[in-house]
Amino acid sequence: MSSENDLSRLPELTEIERRCLSLAAHGRTPAEIVLETDLTMPRVAEAMRNAIDKLDARNVTGAITRAIRLDLL
């Protein structure tokens, strides 16, 4: 497991992953994210899952926290 301070290999989030995480960080629910982005619910869920995996987090909150710490949001 890499250290959060190891900036040599930052996770690369897609624009959709970054947008969904950013909206979630601002308190939007998945249904609200669907309405704001015109993405489908399965696509929003996939983007969130991918972001969680890429950020090596356990859940959306952990992914948001790590993305903010790494200055990805």
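- Leu39 has its side chain out of reach of Val34: every pair of non-hydrogen atoms, C-beta onward, lies at least 4.5 Å apart.
- For Asp71, the CG atom sits in a loose shell: 12 or fewer heavy atoms of surrounding residues, nucleotides or ligands are nearer than 6.0 Å.
- For residues 33-52, the pairs satisfying salt bridge (charged side-chain N to carboxylate O under 4.0 Å, His left out) are Arg28-Glu36, Arg43-Glu46, with sequence neighbours left out.
- Contact record, Ala67 with Leu55: CB-CD1, 3.9 Å, taken as the closest heavy-atom pair.
- For the residue pair Leu21 and Ala51, the shortest heavy atom distance occurs at CD1-CB, 3.8 Å.
- The line from SG of Cys20 to CG of Leu13 is 11.0 Å long, rounded to the nearest 0.5 Å.
- In plain terms, the two heavy atoms of Ala47 and Ile16 that are nearest each other are CB-CG2, 3.8 Å.
- For the side-chain contact (heavy atoms from CB on, under 4.5 Å) test, residues two or more places apart in sequence or in another chain that qualify with Ala24 are Ile33, Met48, Val60, Ile64.
- For residues 16-26, the set of pairs meeting the salt bridge (charged side-chain N to carboxylate O under 4.0 Å, His left out) definition, not counting sequence neighbours, comprises Glu17-Lys54.
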